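Hydrogens, waters and symmetry mates play no part in the numbers below; they use all other heavy atoms, side chains included. These numbers were taken from a predicted model, which means no experiment stands behind them.
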Amino acid sequence: MSVFPESERFSSSVSVLNAIDAPRLPLMVERLCDKLADAEVFSEQERAQLTAVMGLSAEDLDTLINLAVFVFQQAAYHTLNPAALATHLQDAGFTAVKAEVFSGVWAKTGPALVTRLRQRPFLPAHLASSEWQINIVMASSLLSRLKTPTALMHFNCEEGGQSKPFTVEFSQAELVTFFQNLQQIQQQLDDLASS
């Protein structure tokens, strides 16, 4: 079973890679693997230099970067050893030389990448804080003697160092359902942690 798809897009990306005869390819691939967990691997200036040095169009450079990122993500997901990665790459259409470049880089920087990916949150945003308050509407001009309790939950999420607050209003029934769902999530997390 191959870890790489047999799609037209993947095959065309491999064709772009195989057509490149650039001695700087191993350095570029190593930088990609080393910086994969970062938001931006190459600055605009570095991208311009790469297109000039490697004789690529901007579109082909993007294709090459996306292919390399995908290869290393798949290698990390499947925890492939370098020899297995080389075999899967050759089965997917990589030339032996290009497969060796990727497997060599993977042998050198793969374990550190897997460690960084494990420490990175699955989603970039995470809950930084939460607050709550209870409101009771005692009456309105339309309905007298109405008591409608509501809970306001204020969530503060952080993504990339920026705060993104939002507020949710719950009726009593909605709040009970919400907390039942949270208890179910907590139980599943406890089960996963104990296994």
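- A donor-acceptor pair is defined here as one N or O able to donate and one able to accept, closer than 3.5 Å; no such pair exists between the side chain of Lys108 and the backbone of Ser103.
- Other residues, nucleotides and ligands contribute at most 12 non-hydrogen atoms within 6.0 Å of the CD atom of Gln172.
- Under a hydrophobic clustering in which Ile, Leu, Val, Met, Phe, Trp and Tyr are joined whenever their side-chain heavy atoms come within less than 4.5 Å, directly or via other members, Val16 and Leu67 fall into different clusters.
- Across all their heavy atoms, Thr51 and Leu61 have their closest contact at CG2-CD2, 3.6 Å.
- Between Leu25 and Lys98 there is a side-chain heavy-atom pair separated by less than 4.5 Å.
- Inter-residue side-chain proximity for Asp60 and Ser57 is flagged as met; some heavy-atom pair is nearer than 4.5 Å.
- Side-chain atoms of Glu158 never come within 3.5 Å of backbone atoms of Ser163 as a donor-acceptor pair (strictly under, hydrogens ignored).
- Taken together through direct or relayed side-chain contacts under 4.5 Å among Ile, Leu, Val, Met, Phe, Trp and Tyr, Val97 and Val71 form parts of separate hydrophobic clusters.
- No donor-acceptor pair under 3.5 Å is formed between the side chain of Asn135 and the backbone N or O of Leu152.
- Under the ring-ring contact (aromatic ring centres under 6.0 Å, His included) criterion, Phe155 pairs with Phe166, not counting sequence neighbours.
- Note: Phe72 and Trp106 have parallel aromatic rings, judged against thresholds of 30 and 60 degrees for the angle between ring planes.
- Atom CE of Met28 and atom SG of Cys33 lie 12.0 Å apart (nearest 0.5 Å).
- Listed for the Thr79 side chain is no donor-acceptor partner under 3.5 Å among the backbone atoms of Ala76.
- Aromatic ring orientation, Phe10 versus Phe4: parallel (interplanar angle below 30°, classes split at 30° and 60°).
- Atom NE2 of residue His154 and atom OG of residue Ser130 lie 10.5 Å apart, to the nearest 0.5 angstrom.
- Atom CG in Leu182 sits 13.5 Å away from atom CD in Gln187 (nearest 0.5 Å).
- Shown here is Glu6, whose CD atom has no more than 12 heavy atoms of other residues, nucleotides or ligands within 6.0 Å.
- At distances below 3.5 Å, at least one donor-acceptor pair connects side-chain atoms of Glu174 with backbone N or O atoms of Ser171.
- A distance of 8.0 Å separates CG of Leu85 from NE2 of His88, quoted to the nearest 0.5 Å.
- Annotation for Ala68 and Leu32: closest pair CB-CD1, 3.5 Å, computed over non-hydrogen atoms.
- Atom CD of Gln74 sits about 8.5 Å away from atom CG of Leu80, to the nearest 0.5 Å.
- Around OH of Tyr77, the count of heavy atoms belonging to other residues, nucleotides or ligands within 6.0 Å does not exceed 12.
- Both Leu127 and Phe170 are assigned to one and the same hydrophobic cluster, defined by single-linkage of ILVMFWY side chains at heavy-atom distances under 4.5 Å.
- At distances below 3.5 Å, at least one donor-acceptor pair connects side-chain atoms of Glu46 with backbone N or O atoms of Ser43.
- The two residues Ala99 and Leu89 make their nearest non-hydrogen contact at CB-CB, 3.9 Å.
- Criterion: ILVMFWY side-chain heavy atoms under 4.5 Å apart, direct or through other members. Under it, Leu27 and Leu50 are not part of a common hydrophobic cluster.
- Proximity of a side-chain donor or acceptor of Asn156 to a complementary backbone N or O of Ala128 within less than 3.5 Å is not detected.
- With rounding to the nearest 0.5 angstrom, the CG atom of Leu17 is 5.5 Å from the CG atom of Leu64.
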